[in-house]
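Heavy-atom basis, side chains included; hydrogens, waters and symmetry copies ignored. Lettering follows sequence order; numbering is per chain, from 1.
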2 protein chains.
Amino acid sequence: MDVALFTLLPEEGLAIVLGTRDRDPFAGRPALFGGFLRPGSDGSATDAAHRLLAEKAGLADVFVEQLMTFSGPDRDPRGWSVSIAYYALVPFGRLAEARPGLAVWPVGRMPPLAFDHDRIAAAALARLGGKASYSTLPAFLLPKTFTLPELKAVYEAVLGTALNDSAFRRKVMEMRILEEVPEKRGATAGVRRPAQLWRLAADRLVEFDRTV
Amino acid sequence: MDVALFTLLPEEGLAIVLGTRDRDPFAGRPALFGGFLRPGSDGSATDAAHRLLAEKAGLADVFVEQLMTFSGPDRDPRGWSVSIAYYALVPFGRLAEARPGLAVWPVGRMPPLAFDHDRIAAAALARLGGKASYSTLPAFLLPKTFTLPELKAVYEAVLGTALNDSAFRRKVMEMRILEEVPEKRGATAGVRRPAQLWRLAADRLVEFDRTV
DNA sequence: TCAATAGTGTCTTTAAGACAATATATA
DNA sequence: TATATATTGTCTTAAAGACACTATTGA
């Protein structure tokens with residue numbers, strides 16, 4: 001199995017978090033978080049994805065979703081193989097608690113990865129971009145509470161396109177995917193109006209019947 | 001691996017095509033087309049899905065796409081297992097060339113299936129319904145050439161909802177996903193205006209940036 | 001010509017986008 | 001009060017839906 005982990009850099013936007021291959025083939029190369037399914041102890045492939053993120057990235061309770069399964073004779077130089085690939089999203093702030101030594105690369109300039117991990121990462125990015133417009137997916141790159149300008153910014157980062165501000169607010173409110181947190185963001189010191197804080201109304205991914 | 005095969009019944013709409021388990025567990029039960037990946041000879045899981053459809057359903061050159069991978073201790077009574085699931089679409093007319101003895105059930109009243117195949121079939125149906133609105137997916141349930149009323153009907157069957165006729169034509173034409181076949185459908189004898197025939201402009205699945 | 005479905009044109013309704021105006025913090 | 005962003009309101013534009021009208025075939 002392989003897990004592609006993404007985060008949102010404050011300046012650089014969407015980025016991938018990578019480990020390093022510790023043995024051949026591809027020893028020393030940046031790589032997705034990979035490992036073998038343990039049919040005995042893992043309750044499912046999704047459980048295994050969580051376990052791998054805990055073991056290799058030091059992160060628990062991260063949003064994960066199955067991407068797809070890759071297979072064939074060419075993806076591993078040792079021969080025919082299968083990998084169930086997952087993608088995962090973590091807010092940038094939580095990387096402080098991650099295992100040290102991880103590499104973080106803006107998705108626009110990723111290094112060459114081990115195995116067929118470039119292809120898996122590309123597929124994960126395509127899925128992310130596709131699913132973002134009709135779901136709460138990008139919100140899992142933010143902390144539990146966030147402002148509307150932050151939410152809009154993460155949608156724009158994942159979609160790679162600017163959104164209309166008042167239309168975005170209108171739609172988000174009409175879809176009732178958020179609930180108000182009785183607090184404002186004063187943290188970012190500065191001379192400006194503080195923004196209302198919100199959280200996702202549902203803990204899980206929600207899909208819409210329209211587009212943000 | 002397991003493949004969920006769907007077709008479009010002329011009267012009953014979307015239907016699933018099933019085989020029968022020929023041994024325990026679940027001997028005699030209707031089931032998806034299942035079998036084992038052959039890492040040596042199969043070039044990929046997608047190749048294996050095609051092989052299984054050929055072997056078990058007698059159908060070659062059918063549209064297939066990976067659904068997702070199911071895993072866990074409970075899906076097979078013999079113990080922990082993994083299955084890479086695919087879905088496939090075949091025009092009703094091609095079932096004539098299929099292996100005899102297959103069962104065809106409207107998706108609204110499917111019998112209980114072997115293993116966790118009910119769950120896989122449900123996931124395939126959900127994917128079909130979700131992806132239909134922004135892709136040419138439903139067209140793979142029709143023969144190579146079809147009329148616009150037929151295309152609209154198959155979208156309606158898969159989406160489970162009625163579509164606006166003139167808007168449907170407008171959008172399909174604006175998206176340029178079809179090319180005209182220099183023929184009309186006179187086949188269906190009767191007192192009515194014959195319809196223009198069309199075919200998909202691209203042989204593969206095309207995704208839109210809007211909805212039909 | 002009639003019946004029955006195919007296909008077009010146009011008006012109405014609804015959603016999205018642009019953008020000005022107002023609100024609210026702190027220095 | 002001035003500054004900088006947050007938030008709201010409203011006008012414009014574009015897309016979707018409703019539906020009447022025209023087209024084309026064989027009986």
Output yes when A:E12 and A:R109 qualify as a salt bridge under the 4.0 Å nitrogen-oxygen rule, no when they do not. yes
In whole angstrom, give the distance that lies between atom CZ of A:F146 and atom P of D:dA6. 15 Å
Has the side chain of A:Q196 got a donor or acceptor atom that lies under 3.5 Å from a matching backbone atom of A:E183? yes
A:K171 has an atom NZ; how far is it from atom C1' of C:dA18, in whole Å? 14 Å
Answer yes or no: is there a donor N or O on one side and an acceptor on the other, between the side chain of A:R75 and the main chain of A:H117, under 3.5 Å? no
Salt bridge between B:R170 and B:E174, side-chain N to carboxylate O under 4.0 Å? no
Salt bridge check: are B:K131 and B:E207 linked by an N-O gap of less than 4.0 Å? yes
Would you please name every residue forming a side chain to side chain contact (heavy atoms under 4.5 Å, CB included) with B:R169, sequence neighbours left out? B:L148, B:P149, B:D165
Could you check how far CD of B:E183 sits from C1' of D:dT25, rounded to whole Å? 16 Å
Whole-Å distance between D:dA6 P and A:E180 CD? 16 Å
Integer-rounded Å distance: C:dT8 C1' and B:Q196 CD: 15 Å
To the nearest 10°, give me the bend of the helix from C:dT1-D:dA27 to C:dA27-D:dT1, comparing the axes of its five terminal pairs at either end. 10°
Taking only N/O atoms, report every protein-nucleotides 25-27 of chain C pair under 3.5 Å with atom names and distance.
none

Decide yes or no, distance alone: a donor-acceptor N/O pair under 3.5 angstrom between the base of D:dG17 and the side-chain of B:R170. yes
Excluding sequence neighbours, so at least two apart, what forms side chain to side chain contact (heavy atoms under 4.5 Å, CB included) with A:R29? A:F26, A:P112, A:A114
Check: A:V62 and A:R94 side chains under 4.5 Å, non-hydrogen atoms: yes
Expressed in angstrom and rounded to an integer, what is the separation of B:F208 atom CZ from D:dA15 atom P? 16 Å
Specify the separation, in whole Å, of atom CZ of A:R210 and atom P of C:dA15. 7 Å
Test of understanding: with side chain to side chain contact (heavy atoms under 4.5 Å, CB included), list the residues that count as partners of A:A15, not counting sequence neighbours. A:T7, A:L9, A:V104
Residues A:E55, A:R99: salt bridge by 4.0 Å N-O rule: no
Expected list for residues 160-169 of chain B near DNA chain C, using heavy atoms below 4.0 Å, is B:S166, B:R169
Quick one: are A:F6 and A:L125 in side-chain contact, heavy atoms under 4.5 Å? yes
Output the rounded distance in Å from CG (A:L151) to P (D:dT5). 19 Å
